[in-house]
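Below you'll find the structure, written out as structure tokens, and then a few comments.
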Amino acid sequence: MADTKLISKIPEGPLAEKWSKRKAEIRIVSPNNKRKLEVIVVGTGLGGASAAASLGELGYNVKIFCISDSPRRAHSIAAQGGINAAKNYQNDNDSIYRLFYDTIKGGDYRSREANVYRLAEVSAAIIDQCVAQGVPFAREYGGYLANRSFGGVQVSRTFYARGQTGQQLLLGAYAALNKEIAAGTVKSYPRHEMLDLVVINGQAKGIIARNLVTGELERFGAHAVVLATGGYGNTYFLSTNAMNSNGSAAMQAYRKGAFFANPCFAQIHPTCIPVHGDQQCKLTLMSESLRNDGRIWVPNNMEDVIKLRKHEIKPSQIPEERRDYYLERRYPAFGNLVPRDVASRAAKERCDAGYGVNETGLAVFLDFADAIKRLGHQRVEERYGNLFQMYEKITSSSPWEEPMMIYPAIHYTMGGLWVDYDLQTTIPGLYAIGEANFSDHGGNRLGASALMQGLADGYFILPYTIGDYLSHKFAEPKTDTNAPEFAAAEKAVRERIDKIFAVKGTETVDSIHKKLGHIMWEYVGMARNEAGLKKAIEEIGELRKEFWKTVRVPGTNEEFNQELEKALRLVDFFDIGELMARDALNRKESCGGHFREEMQTEEGETKRDDENFMYVGAWEYKGEGVAPELHKEPLKYENIKIATRNYKD
Ligand SMILES: Cc1cc2nc3c(=O)[nH]c(=O)nc-3n(C[C@H](O)[C@H](O)[C@H](O)COP(=O)(O)OP(=O)(O)OC[C@H]3O[C@@H](n4cnc5c(N)ncnc54)[C@H](O)[C@@H]3O)c2cc1C
């Protein structure tokens, strides 16, 4: 029976007509009424910047917030490889349906058909909009936009701007945003961190933000609030995410009544520079685009492995017959371009079997020797030059001479705030877009689909769907920030800050966060099992206690204090980590990036349990120290045949 608290609002009718139908139903707010309505957008990555620019252009009064000193420094600028769209420029038989199909299959049949189809449907418009903004996508000789392939697909549909696609897309969105800032429809609040959501009469009405320069707590009211605050991968301490990425805004919303969906679905990316010491705070991604031409291998014999570890031979000295191109061997149809979860597990399998190639035994090779021979230096340089440079700067080894060494690392979170088809959370008036929501990627996101989703949400979906809610609000007065709910939220934030300063312990925030990271990676990482997940929940609880006894945050609240910022976020990471472990414990199946060791095939592949787990798991907060309640949104597949994922033939 459907859960009465999870109304997904998926329109009736044929799949291809659902979005048009919904758009036709949505009430439109007239231009003179839009001017009376205020919307808060938290986050200036591709999701937030595109949404705020679009809402501003529509005529709403928008306030936009971010942690960094400029909206254009959001984590989205880190995106390297590209953005998908079903344009079929390569004439390789791509289509909206194929993008939809690949995404559902890639997510291991754990995402909503209707949302994913809509994403594929609007994907082409994103490229047109970005080209019109002047985003310098790579082009072919004849002027057409160029494409490359990403994992989990057999067509080339990824648009890119060298290895800096996110940065170029964000510059486009930022330019659009600046136009609105200049026009006065958007007011920008950089260096302002949301520390609580204000809910009045069950509806989202504003936020409490800390001015990160002065420490002042400020109240902001609106008719609706949009969270575009990114993912929570930094729960693991070491990840490819920007240092400021965090899950706090989502947790604040969760504690105020927004359900948190599929928290255990975290993506581990196969091609990252391996961990090289205990003093690291960041991992570096080597873009998935490299798997278009790079070949992944390890030696097929222990003798070479040992010699490599002792630096007695170089990888390039190992002849072909002593190499194991294990992805090509195991998955002939997709080869090196299998989806991320599959490639990550295969790397772990080889390393666990003893064939890992650096001193720690936790690395495999990504080799360009064949590509350089086949394409020549110049073409490889054009495609991957900046990535090669980055790799060499970090490792002092040139990918032109020897293969890169890579290993899987935490990269993206598919889970997030539960949203309905309109991208509204379970709190009326609160929307979540981009990586902050759970909407489209199921158990595993395909490469180049996060940018597509963030911009689809921000440019083409939310600006319409939020109108439906706001069309009932224009007669309401502006939100009064003197309301008791604002005062209570501000007081709670102040008390949290005071409580952190009062600990006066001896440990740095990072040292405690690192311990959380170890627990997460060990028990809620690439492979999970019942005993480990129970242990994780217990150990996170102990670590939380340790934090409140031992943390030391120097300085004061009334200044720029990054230790305080990190401490406040760590408090939320404890809760997210625990929720992830709880969700992983509940989901007694393997699907996508969620690999329960108890549920695997004889060949070590994921084994889903469609009968019992074909649902979105959405958790409802029930109070501090109380177990959250699980709600289930069943997933129906009416347009796609459910199958075991097959990348072999
Ligand atoms: C190294 C790397 C490379 C990637 N490459 C690709 C790629 O090639 N293709 C692809 O599709 N995807 C890629 N991804 C994934 C993609 O970049 C992200 O999923 C996407 O950019 C997220 O965008 P977003 O708008 O949802 O959030 P973000 O870009 O993470 O922005 C979050 C915003 O919220 C703000 N914020 C957060 N919390 C608060 C708060 N409490 N108060 C105020 N502001 C707050 C931040 O300051 C920031 O402005 C990559 C990811 C990484 C880590």
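Residue numbers start at 1 and run along the sequence shown. All values below come from the heavy atoms of this structure, side chains included, with hydrogens, waters and symmetry mates left out. One-based numbering, in listed order, for ligands and for the atoms of each.
Protein heavy atom in closest approach to atom 12 (N) of ligand 1: Ala450 CB, 3.4 Å. Distance from atom 22 (C) of ligand 1 to its nearest protein heavy atom, with residue and atom name: Glu435 OE1, 3.7 Å. Residue, atom and distance of the protein heavy atom nearest to atom 35 (C) of ligand 1 are Gly43 CA, 3.6 Å. Counting only heavy atoms of the protein, atom 9 (N) of ligand 1 lies nearest to Gly82 O, 2.8 Å. Looking from atom 8 (O) of ligand 1 to the surrounding protein, the closest heavy atom is Gly81 N, 2.7 Å. Among all non-hydrogen protein atoms, the one lying nearest atom 6 (C) of ligand 1 is Ala79 CB, 3.4 Å. For atom 24 (P) of ligand 1, the nearest non-hydrogen atom of the protein is Ser76 OG, 3.9 Å. What sits closest to atom 11 (O) of ligand 1 on the protein, heavy atoms only, is Leu451 N, 2.8 Å.
Ion pairing between Glu563 and Lys566 holds under the 4.0 Å rule for side-chain N and carboxylate O. At a threshold of 4.0 Å, the pair Glu193-Arg569 counts as salt-bridged, since one of the basic side-chain nitrogens sits closer than that to a carboxylate oxygen. In this structure, Asp102 does not pair ionically with Arg98, as no charged nitrogen and carboxylate oxygen lie closer than 4.0 Å. Asp341 and Arg345 are joined by a salt bridge, as a carboxylate oxygen and a charged side-chain nitrogen come within less than 4.0 angstrom of each other. Between Arg445 and Asp440 there is no salt bridge, since no side-chain N of the basic residue sits under 4.0 Å from a carboxylate O of the acidic one. Taking the charged nitrogens against the carboxylate oxygens, Asp575 and Arg255 do have a contact shorter than 4.0 Å, which makes a salt bridge.
Atoms of ligand 1 found under 4.0 Å from any heavy atom of Gly47 (numbered from 1 in listed order, with element): 25 (O). Numbered from 1 in the order shown, with element, the atoms of ligand 1 that lie under 4.0 Å from a heavy atom of Ala228 read 32 (C), 33 (C), 34 (O). Interface of Glu193 with ligand 1, defined as ligand atoms under 4.0 Å from a residue heavy atom, comprises 40 (C), 41 (N), 42 (N), 43 (C). Annotation for ligand 1: atoms under 4.0 Å from non-hydrogen atoms of Asn241 are 53 (C). Which parts of ligand 1 touch Tyr412 is read off a 4.0 Å heavy-atom cut-off, strictly below it: atoms 19 (O). Of all atoms in ligand 1, numbered sequentially from 1 with element shown, those under 4.0 Å from a heavy atom of Thr44 are 33 (C), 48 (C), 49 (O). Atoms of ligand 1 lying under 4.0 Å from any heavy atom of Gly434, numbered from 1 in the order shown and given with element: 26 (O).
The two residues Ala49 and Leu170 have their closest heavy-atom pair at CB-CD1, 4.2 Å. Nearest heavy-atom pair, Asp94 versus Asn88, reported as atom, atom and distance to 0.1 Å: N-OD1, 3.1 Å. Heavy-atom minimum distance, Ala253 versus Ile427: O-CD1, 3.8 Å.
Relative ring orientation between Trp418 and Phe438 is described as parallel, the plane-to-plane angle staying below 30° on a 0-90° scale split at 30° and 60°. Using bins of under 30°, 30° to 60° and over 60° for the plane-to-plane angle, the ring pair Tyr384/Phe388 lands in the parallel bin.
Within the 4.0 Å heavy-atom criterion, the part of His192 lying near ligand 1 is the backbone and not the side chain. Only side-chain heavy atoms of Arg445 come within less than 4.0 Å of ligand 1; its backbone N, CA, C and O stay farther off. For Ala49, no heavy-atom contact with ligand 1 is shorter than 4.0 Å. Contact annotation for Val42 and ligand 1: only side-chain heavy atoms (C-beta onward) come within less than 4.0 Å of the ligand. The backbone of Ser449, and not its side chain, has at least one atom closer than 4.0 Å to an atom of ligand 1 (non-hydrogen atoms only; backbone = N, CA, C, O). Counting heavy atoms closer than 4.0 Å to ligand 1, residue Leu285 contributes side-chain atoms (C-beta onward) but none from N, CA, C or O. Under 4.0 angstrom from ligand 1, there are no non-hydrogen atoms of Asn244.
Using a 4.0 Å cutoff on heavy atoms, Ala78 counts as a contact of ligand 1. Using a 4.0 Å cutoff on heavy atoms, Ile83 does not count as a contact of ligand 1. Ligand 1 lies nowhere less than 4.0 angstrom from a heavy atom belonging to Gly166.
Judged by a 6.0 Å distance limit and a 45° cone about the ring axis, Arg112 is not positioned over the six-membered ring of Tyr421. Remark: Arg219 fails to qualify as a cation-pi partner of Phe486 under the 6.0 Å distance and 45° angle criteria applied to the six-membered ring. Under the 6.0 Å distance and 45° angle rule, Lys393 does not count as a cation-pi partner of Tyr391.
Checking only distances, Met194 does come within under 3.5 Å of ligand 1, N or O to N or O. Taking any N or O of Leu46, backbone or side chain, at least one lies under 3.5 Å from an N or O belonging to ligand 1.
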Run the side chain to side chain contact (heavy atoms under 4.5 Å, CB included) test on Glu485 and Lys205 for me, step by step, so that the C-alpha distance in whole Å, both residues' side-chain angles and the decisive distance to 0.1 Å come before the verdict. CA-CA 10 Å; Glu485 289 84 353; Lys205 288 290 179 188; over 6 Å; no
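We find the CD-CD1 distance between Glu121 and Ile96 to be 5.5 Å, quoted to the nearest 0.5 Å.
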